[in-house]
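Worksheet for the structure shown next.
Below, chain A is the first sequence line, B the second, and so on; all start at residue 1.
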Number of protein chains: 2
Amino acid sequence: MSPAEGQKVVALQSLSSRTGDRSPRRAGARSGKASITLKDVAAAVGISQSAVSMALADHPRIGQARKDAVRSAVAELGYVPNSAGRALRSGRSASIAIVVPNTGQHVFGHPYFMHLLVGITAEANARDVAVMMSTNPDETHGVAAYERVLRSQAASGAIIASASITDLNVNRMLDAAMPVVLIGRFPHQPGAVSVGVDDVAGAGAITRHLIDAHGLRRIAHISGPLDHQTAIDRYEGFCTALAESDQPCTHALAVGDFSEESGRAAARQVLDSMSDVQAIFAANDEMAYGALLELRARRLKVPEDLALAGYDDFGVSRLTTPGITTVHVPAEDLGRRAAALLFDLVGGVVPHPTHTVLPVDITMRDSCGPHPD
Amino acid sequence: MSPAEGQKVVALQSLSSRTGDRSPRRAGARSGKASITLKDVAAAVGISQSAVSMALADHPRIGQARKDAVRSAVAELGYVPNSAGRALRSGRSASIAIVVPNTGQHVFGHPYFMHLLVGITAEANARDVAVMMSTNPDETHGVAAYERVLRSQAASGAIIASASITDLNVNRMLDAAMPVVLIGRFPHQPGAVSVGVDDVAGAGAITRHLIDAHGLRRIAHISGPLDHQTAIDRYEGFCTALAESDQPCTHALAVGDFSEESGRAAARQVLDSMSDVQAIFAANDEMAYGALLELRARRLKVPEDLALAGYDDFGVSRLTTPGITTVHVPAEDLGRRAAALLFDLVGGVVPHPTHTVLPVDITMRDSCGPHPD
DNA sequence: TTCATCTGCTGAAACGTTGAACTAGCCGGC
DNA sequence: GCCGGCTAGTTCAACGTTTCAGCAGATGAA
């Protein structure tokens, strides 16, 4: 294929040429399949377009008899309102965007996103609203792909997932006064509406689990990239739990990037530099799995030789042997709530409070040792 | 909150400084206009709206000097074309829909879908086209949700994923002459454009692998629901391979629904009814994993006591212990091709041939025994 | 009767974009 | 002096929807 610019031109031209030969086909009255508009319904019922529109909107000034007639004509003709016409006139489109600032592969590939999507679409479907996907393939673009989506008013609001805390575009959208709901915790965006999870508490809980329930004292943490709030919070929860424990604990930190590979590398680093590690707590399950692979390669048994804990519970931790004890993140619920809040926002209702924080809980599996219940 | 870490302090500082320069800008931007249209650009440059439109379309009748002026004004004002206006006028929206006929939970939850999505969005992004998601929350609706999306012309075409062969709505959309690309094999839709995978060959290959490379003779198949073409094809490949083999083989069939639970139940059934089973080939990895759980519960070792094979390779089979030998389905590529074909179709080019079939290959892991290479 | 008020609808004007048809000025050719 | 052809635009009419201002006719009140 050619460079992106070439493709764009091709697309535009094919678009215009299609319109050219579309008219004759439509004029040819080909089985009358040209789409049905208000005008057609109006003609069928014998009233004006406006009356049809008002009847469908259940306007009180239209008589019941007419409304019934309109409705049956609509059903019979199969009329579906044209979304462009409606959006143009009313200034609001019947769709919301879900924005994933990172470049396609990485975040889409993550099951987190899938769960989010399930929740969001469920909520959107209930309101007959479509969901548009938007990634940012190219950060060097003048206007980010997703900003373009919003500013073109193709969507009337957006849910932004997994933005790093340094993402400028988030600010730009907030500045442009667009209805936006952030997923995650954004302590430095006090004005924004966000839905997140209590990562500090989750990480604290699982760390305490390692310390108190399993009596482990030498614990390493594999964190995510520290420009992600999620990674920061999980690390902080880990540190706080250690500091508040009445047991004397030793810890180490290795930084990963949430990928399995980086988890494995971080485990390598930890095992080489810290003696007698008793437990590894990774900031997500993929990195925990990476660590598990490294442990396996070194013939270290989990949980006999070393305990392992993860975070997320999006699927990985359930499948491994041993199953990884992890913090369950209710991603689907997150998505559902984010969507609900967005609809409030689009409707002009500013939710209160603006930050929703969902609790998390630990899913016990076998990677920390026998369940101490 | 608690003792701050070195890295975290850095992050906080960089953030707060950005917040600082944001506030004044927001105050200024608030007073701005709702949104910038062609008219505003035209006024700024001092020419007519159409001239601006034509300049942006790189029309030859507009002089280079004007084009430059228009472009800089666009950049300065931050003009973004209104998608509704454009769609209304040109009769085509700059987005495609991806349609998942099944109800949200089930198919969205499947990693197959995620891979598809990666491929589709990659291709769509390259053309500056948005992707809309559409599921069918309620089959009793008069018009299916996704049909509504298409008929409202919110999307100019659709990719339909994982429809059962009995899905009526597919026919309705094809009849309505909408640009539609089906993912999967649809032998009963000769006129439709589809992208699929050679499941018969894939299942045949892995069955032969069990027979020829591992010398297994008593093989059970756990199929998917037999109203899905995928399930039919994989079963057929299995049978054909057995029939064509010069070895005398015995086989059994249990039908599942592609879920882990059904795989486990099917394995139970097979193990209870067929004596001396040597291998189980499941029609997807989730069912294979279910079978693995059942085998584990019966203290049967894989691969020592029984070989296991799956299909899909979307993640599950890589994570289990032992890793499951499976047929790799290039879902991302499938998505990419489907999108490319859809753009052809929307552009008026009917692809030739209409059915694309991608090859599959076997990913060897440890569930069948030592690699015989 | 006349005025006010309601009911049930119609007509027309937007919304932002595009492209065909037109124009104004200018040049060359006969 | 007229025609054709060029350049660099402008004007205008759509696309399908919603909504606001009318406007007949009916009803009621004075």
Applying side chain to side chain contact (heavy atoms under 4.5 Å, CB included) to A:Ala73 and not counting sequence neighbours gives A:Val41, A:Val45
In whole angstroms, the gap separating P of C:dT10 from CD1 of A:Ile62 amounts to 8 Å
The correct set of residues in residues 70-77 of chain A placing a heavy atom under 4.0 Å from DNA chain D is none
Assert: residue with more 5' nearest nucleotide on DNA chain C, out of A:Gly46 and B:Ala84, is A:Gly46
Protein-proximity profile, nucleotides 17-25 of chain D, B/S/- by nucleotide at the 4.0 Å heavy-atom cutoff, equals BBB------
B:Gln64 atom CD is separated from D:dA8 atom C1', nearest whole Å, by 13 Å
Across all chains, not counting sequence neighbours, the side chain to side chain contact (heavy atoms under 4.5 Å, CB included) partners of A:Met54 are A:His59, A:Ile62
To the nearest angstrom, the NZ-C1' distance between A:Lys67 and C:dG8 comes to 11 Å
For B:Asp68, the salt bridge (charged side-chain N to carboxylate O under 4.0 Å, His left out) test, sequence neighbours excluded, returns none
Hey, does the side chain of A:Arg66 come within less than 4.0 Å of C:dC9's phosphate (OP1/OP2), counting only N and O?
yes
Those residues at least two apart in sequence (or on a different chain) that pass salt bridge (charged side-chain N to carboxylate O under 4.0 Å, His left out) with A:Arg66 are none
Closest non-hydrogen contact found for A:Phe186 with A:His355 is O-CE1, 4.1 Å
From CZ of B:Arg92 across to P of C:dT17 the rounded distance in Å is 19 Å
| said: Students often get this wrong, so: under 4.0 angstrom with heavy atoms, is B:Gly63 touching a base, only sugar-phosphate, or nothing? | reply: sugar-phosphate
From CG of B:Leu56 across to P of C:dG16 the rounded distance in Å is 16 Å
Sequence neighbours excluded, the answer for salt bridge (charged side-chain N to carboxylate O under 4.0 Å, His left out) partners of A:Arg337 is A:Asp333
Residues passing the side chain to side chain contact (heavy atoms under 4.5 Å, CB included) test with B:Ala338, sequence neighbours excluded, are B:Ile159, B:Val181, B:Ile183, B:Val195
| query | Cut-off 3.5 Å, side chains only: do A:Gln153 and B:Ser35 have a donor facing an acceptor? | reply | yes
Sorted by chain and number, sequence neighbours left out, side chain to side chain contact (heavy atoms under 4.5 Å, CB included) with B:Ser152 holds for A:Val80, A:Ser83, B:Ala154
